[in-house]
Structure formats: structure tokens, C-alpha cells
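The structure presented is a predicted model; accordingly, all values stated were derived computationally and were not measured.
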Amino acid sequence: MATKVYIVYYSTYGHVEKLAREIEKGAASVEGVEAKLWQVPETLPEEVLQKLGAPPKSDVPVISPHELPEADGFLFGFPTRFGSMAAQFKAFFDATGGLWRSQSLSGKPAGFFYSTASQGGGQETTPLTSITQLVHHGMIFVPIGYTFGAGMFELEKLKGGSPYGSGTYAGDGSRQPSELELAQAFHQGKYFAGIAKKLKGSQ
């Protein structure tokens with residue numbers, strides 16, 4: 001049986017989605033792993049999104065909480081809002097009460113990736129404050145640590161991400177993920193998939 005890794009994300013302007021697609025490639029590069037992209041439901045009205053200048057959503061399917069238990073592991077991605085996860089993703093987690101009661105996600109590995117506007121905008125506080133969601137579900141947090149090697153110590157080029165997970169800086173929205181940030185996202189997907197596969201094999 002293949003190990004199923006779900007990459008579940010929310011993206012307003014597309015930055016998080018670009019990371020998600022690289023993470024999917026990285027996870028799928030591990031033999032015996034099936035990676036699948038999902039979006040969480042949008043909570044803002046279309047007219048508000050238009051005023052924000054948000055592009056149309058992609059054709060990635062929208063997930064519902066009851067589909068989560070089908071996976072063996074998860075990488076959750078979202079933009080930062082004042083140092084923590086975006087409300088759209090929090091609303092999705094808030095809808096998983098039934099899974100919490102049944103402990104359907106207990107023991108499953110999970111990690112985070114994210115986007116912020118600035119260097120002090122939450123590259124570490126966002127995943128740190130999001131860990132509470134995993135804790136209440138009894139999930140196993142899998143950070144990337146410093147496994148990305150020299151890329152973790154890059155100082156000459158602007159690079160998002162941290163030991164908690166891969167990330168990018170969006171600035172005013174015009175900046176797109178760099179090659180280095182995308183490489184880190186690929187690495188996270190591959191690294192996480194390997195761990196998810198080992199955990200499933202040990203059961």
C-alpha cells in the first residue's frame with residue numbers, strides 16, 4: 001500500500017500554492033509515496049477577493065475535514081496573518097471537531113509551510129503558534145530542522161523558511177518564491193514523505 005501524503009493549503013495570491021506544488025513534487029519523488037494537493041475552502045466573498053486583487057483560484061480540489069483520515073501524513077500551508085495562520089485555515093481546523101472526538105488523526109505526521117510579507121512577519125511564529133492544532137489532534141510534528149544544509153544559512157539572498165518548515169516572502173505581493181525557496185520546499189516534501197513512509201511501515 002502506498003503512503004498517502006496530502007499537501008493541504010490556503011493561498012490568497014498564489015505564493016503558498018507555488019510552494020505547495022514544489023512540495024508535491026518532492027513528496028512524489030519518494031518511491032511508494034502518493035502526494036496529492038488540496039485547497040481548504042475560501043471564507044471571503046468573491047467581491048472582497050476582487051477588491052483585494054486576488055487572482056482566481058486554481059483547479060486544485062477543495063478538501064473537507066472528513067477526507068483527512070484517508071491520508072497517512074500532511075503538510076499544511078498558509079499565509080501569515082499577524083504572526084499566525086490565516087483565518088481561512090483556522091476555520092478549516094475549527095471544523096475538525098468530529099475528527100478530534102474520534103482521534104482519527106492521532107499518531108499521523110504533519111508539518112507546515114508558509115508565506116509572510118516581511119522578514120519579521122512570522123516565519124517562525126506562524127508555525128510555532130500552529131502546532132497547537134496538531135497537539136490537540138495527537139499528531140506528530142515533523143519540522144525540517146537544518147536538513148536543507150547550506151541553504152539554511154544563506155545570508156546574501158533573501159530566503160524565507162526556518163527549521164519549522166519551508167517558506168517565502170511575498171513583500172507587497174509582487175515578489176514570487178525564489179529558486180532557493182522552491183528548492184527548500186521540494187526538500188521538505190521529499191524529507192517529510194520519507195518519514196511518513198517509515199512511520200507507516202513501522203505500524
Side-chain angles (χ1 to χ4, degrees), residues 3-11 15-38 71-80 83-86 89 93 105 107-116 118-135 137-170 175-202:
T3 300
K4 294 183 179 180
V5 173
Y6 282 2
I7 299 100
V8 185
Y9 70 91
Y10 171 74
S11 189
H15 299 81
V16 174
E17 182 171 334
K18 287 185 178 179
L19 294 180
R21 291 187 182 278
E22 286 302 308
I23 286 173
E24 179 191 26
K25 293 176 186 176
S29 73
V30 177
E31 184 178 356
V33 171
E34 291 180 2
K36 186 172 183 178
L37 285 177
W38 297 91
D72 300 300
F74 310 91
L75 283 167
F76 299 119
F78 31 77
T80 295
S84 59
M85 69 169 61
F89 216 96
F93 267 125
L105 303 180
K108 295 192 177 190
F112 299 120
F113 58 103
Y114 35 84
S115 172
T116 70
S118 65
Q119 294 187 59
Q123 289 282 323
E124 291 192 349
T125 61
T126 299
L128 182 62
T129 56
S130 299
I131 290 174
T132 58
Q133 310 296 319
L134 308 186
V135 168
H137 278 291
M139 302 176 80
I140 303 168
F141 176 53
V142 180
I144 59 172
Y146 284 83
T147 60
F148 189 48
M152 296 296 297
F153 299 93
E154 173 59 47
L155 295 176
E156 299 301 319
K157 300 176 183 178
L158 184 66
K159 183 192 76 67
S162 71
Y164 291 93
S166 58
T168 187
Y169 291 114
R175 182 185 185 273
Q176 297 300 311
S178 67
E179 289 186 11
L180 185 58
E181 289 170 335
L182 294 175
Q184 186 179 41
F186 183 95
H187 168 76
Q188 182 178 17
K190 184 176 181 180
Y191 176 75
F192 178 85
I195 291 178
K197 181 179 177 181
K198 289 178 182 178
L199 285 174
K200 184 175 183 179
S202 66

Tell me whether the centres of the aromatic rings in Phe93 and Phe76 are closer together than 6.0 Å.
yes
Can you find a pair of side-chain heavy atoms, one from Arg175 and one from Leu158, that are under 4.5 Å apart?
yes
Gap separating the CZ atom of Phe141 from the CG atom of Leu128, nearest 0.5 angstrom:
8.5 Å
Leu75/Val8 under side-chain contact (heavy atoms from CB on, under 4.5 Å): CA gap, chis, key distance, verdict:
CA-CA 6 Å; Leu75 283 167; Val8 185; over 6 Å; no
NZ/NE/NH1/NH2 to OD/OE distance under 4.0 Å, Glu24 and Arg21
no
Identified ring-ring contact (aromatic ring centres under 6.0 Å, His included) counterpart of Phe78 within the set Tyr10, Phe112, Phe113, Tyr9
Phe112
Student check: side-chain heavy atoms of Val5 and Asp72 closer than 4.5 Å
no
Who pairs with Phe148 by ring pair (Phe, Tyr, Trp, His ring centres under 6.0 Å), at least two apart in sequence or on another chain?
His187
Please examine the side chains of Thr129 and Met85, heavy atoms only from C-beta on, and report whether any two atoms are closer than 4.5 Å.
no
Would you mind reporting whether Ser166 and Tyr191 have side-chain heavy atoms less than 4.5 Å apart?
no
Side-chain touch Ile144/Met152, heavy atoms, less than 4.5 angstrom:
yes
Gap between atom OG of Ser162 and atom CD of Gln184 - 0.5 Å precision
8.0 Å
Heavy atoms, side chains only, cut-off 4.5 Å: are Thr126 and Tyr164 in contact?
no
Side-chain donor-acceptor pair under 3.5 Å between Glu17 and Ser11, yes or no?
no
Within the 4.5 Å heavy-atom criterion, are Tyr169 and Gln123 side-chain neighbours or not?
yes
What pair of heavy atoms forms the shortest contact from Lys197 to Glu31, and how long is it?
NZ-O, 2.6 Å
Which residue pairs satisfy the salt bridge (Lys or Arg N to Asp or Glu O under 4.0 Å) criterion with at least one member in residues 121-130, sequence neighbours excluded?
none
